[in-house]
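Structure first, then comments.
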Number of protein chains: 2
Amino acid sequence: MDDIDRHIVAALVADGRMSYTDLGKLIGLSTSAVHQRVQKLEERGVLRGFRAVVDPEALGLALTAFISVKPIDPAAPDDVPDRLRDLIEVEDCYSVAGDENYILKVRVGTAGELESLLGRIRTAAEVSTRTTVVLSTPFEDRMRSAH
Amino acid sequence: MDDIDRHIVAALVADGRMSYTDLGKLIGLSTSAVHQRVQKLEERGVLRGFRAVVDPEALGLALTAFISVKPIDPAAPDDVPDRLRDLIEVEDCYSVAGDENYILKVRVGTAGELESLLGRIRTAAEVSTRTTVVLSTPFEDRMRSAH
DNA sequence: AGTGAAAGTCATACTCT
DNA sequence: AGAGTATGACTTTCACT
């Protein structure tokens with residue numbers, strides 16, 4: 001992981017469909033050398049993949065919320081993430097230090113769907129929940145790609 | 001935005017570097033028709049772009065935290081996002097309903113960097129902060145791409 | 001690790017339907 | 001809106017350094 005690798009990663013974070021030809025010109029390396037480095041970055045897991053970034057509202061997911069979750073029985077074995085994995089509305093699941101055990105980020109279309117989701121979270125994971133609704137998103141998913 | 005568009009979006013969320021040729025085969029459309037649809041999805045803002053997904057730890061960002069933020073002077077004009085935009089450690093900034101005004105997601109390398117960042121957040125935005133440290137990430141960034 | 005070249009594949013623009 | 005086609009560009013592999 002040298003400066004060239006960091007440069008490649010930064011470029012691909014900014015434009016995931018950039019061609020290896022352009023990438024080579026950008027960083028001053030031959031197409032095949034860039035190709036080889038990208039492959040190794042993928043093999044090492046530095047680059048986890050490439051994805052399209054979608055406007056959630058365009059998919060009818062206008063409501064984002066954070067849900068903090070705490071097991072009702074603190075003595076029970078903690079398999080909360082496994083119990084929530086099938087709920088596709090749950091985009092992120094973080095295990096956290098603090099009063100609550102997990103923070104979830106969820107996206108739904110309507111308040112009614114949020115209500116239904118909260119019920120499913122509580123029964124699936126046997127947890128109590130505390131919900132914080134997102135009003136707007138000044139910025140999101142900014143990726144630091146280099147130092 | 002019909003089922004074909006949703007199918008295209010789902011495929012590109014799963015693999016942002018998929019060729020239009022493969023995409024066409026996958027959804028049963030010619031390469032040029034797929035190309036045309038993807039262009040329109042980009043123009044309409046449904047597809048915001050394409051990016052590489054990077055392992056934060058590979059970039060030396062092993063510590064993730066949520067920081068809830070509340071203005072010290074509730075009467076002051078609220079330009080918190082603008083004041084935080086230059087802090088590259090702040091990956092997400094959500095305006096939320098609740099006791100606090102904003103939730104930030106930040107990534108840093110060490111506890112010392114988190115401490116320094118908190119100081120910069122408080123002085124830059126004139127806010128008090130409440131920090132929740134992420135211990136592990138069972139899953140993250142799962143994208144619902146279709147219904 | 002990087003270069004350069006050769007082969008196959010793909011993107012892109014155009015025309016026609 | 002989609003299909004088919006042609007051309008230039010790109011990816012990918014390989015031999016060489």
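All chains are named by letter (A, B, ...) in the order of the sequence lines, taking the proteins before the strands, and each is independently numbered beginning at 1.
In this structure, B:Tyr20 places its OH atom 14 Å from C1' of D:dA9, rounding to the nearest Å. Going from atom NZ of A:Lys40 over to atom P of D:dT12 covers 16 Å, rounded to whole Å. Residue B:Leu26 contributes atom CG, which lies 14 Å from atom P of C:dC10 at whole-angstrom precision. Following rounding to the nearest Å, B:Arg17 (CZ) and C:dT9 (C1') show an atom-to-atom distance of 14 Å. Across the protein-nucleic acid pair, B:Asp22 atom CG and D:dT11 atom C1' stand 13 Å apart, rounded to whole Å. If you take NZ of B:Lys25 and P of D:dA3, they are 14 Å apart, rounded to a whole angstrom. For A:Leu29 and C:dG2, the CG to P distance is 5 Å, given to the nearest whole Å. If you take CG of B:Leu23 and P of C:dC10, they are 12 Å apart, rounded to a whole angstrom.
Side-chain atoms of A:Asp92 and A:Tyr102 include no donor-acceptor pair closer than 3.5 Å. A donor atom on one side chain and an acceptor atom on the other are found under 3.5 Å apart for B:Thr129 and B:Arg122.
A sub-4.0 Å separation between OP1 or OP2 of C:dT12 and a side-chain N or O of B:Ser32 is absent.
At least one side-chain heavy atom of A:Met1 sits less than 4.5 Å from a side-chain heavy atom of B:Leu59.
Salt bridge present: B:Arg83 and B:Glu126 bring a charged side-chain N and a carboxylate O closer than 4.0 Å.
As judged by a 4.0 angstrom heavy-atom cut-off over every strand, B:Ser19 is placed among residues touching the sugar-phosphate backbone only. Among the atoms of the strands shown, only primed sugar atoms or phosphate atoms (P, OP1, OP2) are found under 4.0 Å from some heavy atom of B:Ala33. At the heavy-atom level, B:Thr21 lies under 4.0 Å from the strands shown only through sugar-phosphate atoms.
Of the residues near DNA chain D, A:His35 and B:Arg37, the one whose nearest nucleotide (by heavy atom distance) lies more toward the 5' end is B:Arg37.
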